[in-house]
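Here the structure comes first, spelled out in structure tokens, and everything after it is commentary.
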Amino acid sequence: MMKAIPEPVEALNKQYWRRCAEEKLCFQRCRGCGVWRHIPRAMCARCASMEWEWVQSTGRGKIFSWTVTHAPLHPLFAAEVPYALVLVELEEGVRMISGLRHCKLANLRLELPVEVVFERVAEDLAMPFFQPSV
Ligand SMILES: [Zn+2]
């Protein structure tokens with residue numbers, strides 16, 4: 001039996017971002033126990049299965065937590081402050097950090113229903129953000 005050795009995971013990240021480029025928010029789902037996961041990785045943290053599949057998320061979830069940035073950490077973000085970074089819990093149980101769109105900061109609240117909205121940032125790349133559900 002071979003010892004476990006590191007496997008490059010860049011390919012998994014590429015698979016994730018390629019789906020985002022098609023404006024599809026997808027996560028890995030374990031074929032062993034069915035649990036969804038994010039960020040992309042080779043092994044299930046619950047059952048240690050290496051078998052998984054990409055499945056498209058509904059893109060709907062709720063605000064689990066957030067923080068508001070008032071001091072930009074990089075000059076390129078200076079024009080955007082203050083802005084919120086949100087931790088969204090998707091319907092599938094996956095949590096992901098993202099940016100908030102089309103929502104005043106004063107309207108942010110725990111469990112606010114949100115849905116994914118993609119913004120094209122390059123010809124071959126779109127990034128997922130979240131906005132209040134309509
Ligand atoms: Zn599993």
If we only count heavy atoms from C-beta on, is the Val55 to Glu92 side-chain gap below 4.5 Å?
no
With a 4.5 Å cut-off on side-chain heavy-atom distances among I, L, V, M, F, W and Y, is there a chain of contacts connecting Leu12 to Leu25?
yes
Pairing residues for Trp17 by the ring-ring contact (aromatic ring centres under 6.0 Å, His included) criterion, not counting sequence neighbours
none
What residues, two or more places apart in sequence or in another chain, satisfy salt bridge (Lys or Arg N to Asp or Glu O under 4.0 Å) together with Arg101?
Glu119
Those residues at least two apart in sequence (or on a different chain) that pass side chain to side chain contact (heavy atoms under 4.5 Å, CB included) with Ala122 are Asp124, Leu125
Which heavy atom of Arg37 sits nearest to which heavy atom of Arg41, and what is that distance?
NH2-O, 2.9 Å
By the ring-ring contact (aromatic ring centres under 6.0 Å, His included) test, which pairs, at least two apart or in different chains, include something from residues 20-41?
Tyr16-His38, Phe27-His38
Does Val121 belong to the same Ile/Leu/Val/Met/Phe/Trp/Tyr cluster as Phe130, with side-chain heavy atoms less than 4.5 Å apart forming each link?
yes
By side chain to side chain contact (heavy atoms under 4.5 Å, CB included), Asn107 pairs with (sequence neighbours left out) Cys103, Lys104
Set of side-chain hydrogen bond (donor to acceptor under 3.5 Å, both in side chains) partners for Arg18, sequence neighbours left out:
none
Roughly how far apart are Arg109 CZ and Ile63 CD1, rounded to 0.5 Å?
9.5 Å
Distance check, rounded to the nearest 0.5 Å: Ser49 atom OG versus Arg31 atom CZ?
9.5 Å
For atom CD of Glu51, is the number of surrounding heavy atoms from other residues, nucleotides or ligands below 6.0 Å larger than 12?
no
Residues Ala126 and Arg120: closest non-hydrogen pair is CB-NH2, 3.9 Å
Can you tell me how far OG of Ser98 sits from CE of Met127, rounded to the nearest 0.5 angstrom?
7.0 Å
Ignoring hydrogens and angles, write down the donor-acceptor pairs under 3.5 Å from the side chains of residues 110-118, residues two or more places apart or on other chains.
unit_1: Glu115; atom_1: OE2; unit_2: Gln131; atom_2: NE2; d: 3.2

With sequence neighbours left out, which residue pairs that include part of residues 59-68 fulfil the side chain to side chain donor-acceptor pair (under 3.5 Å) condition?
Arg60-Glu91
Arg19 side-chain N/O to Glu22 backbone N/O, donor-acceptor pair under 3.5 Å:
no
Is the number of heavy atoms from other residues, nucleotides or ligands within 6.0 Å of CG (Leu73) greater than 12?
no
Verify the cluster assignment for Trp54 and Val35: are they in a single hydrophobic cluster under the rule of side-chain heavy atoms below 4.5 Å apart?
no
For Pro82, what residues pass the side chain to side chain contact (heavy atoms under 4.5 Å, CB included) criterion, not counting sequence neighbours?
Val68, His70, Leu105
What heavy-atom pair brings Gln28 and Pro40 nearest, and what distance separates the two atoms?
OE1-CA, 3.0 Å
List the residues meeting side chain to side chain contact (heavy atoms under 4.5 Å, CB included) with Ile97, not counting sequence neighbours, and say none if there are none.
Leu87
Could you give all pairs that pass the salt bridge (Lys or Arg N to Asp or Glu O under 4.0 Å) test and reach residues 75-85, with sequence neighbours left out?
none
Is there a path from Phe129 to Leu100 through hydrophobic residues (I, L, V, M, F, W, Y) whose side chains come within less than 4.5 Å of each other?
yes
Joining Ile, Leu, Val, Met, Phe, Trp and Tyr whenever any side-chain heavy atoms lie under 4.5 Å apart, the cluster holding Val134 also takes in none
How close do Pro132 and His102 get, counting heavy atoms only, and between which atoms?
CD-O, 3.4 Å
Shortest non-hydrogen contact from Arg46 to Cys33?
CD-SG, 3.6 Å
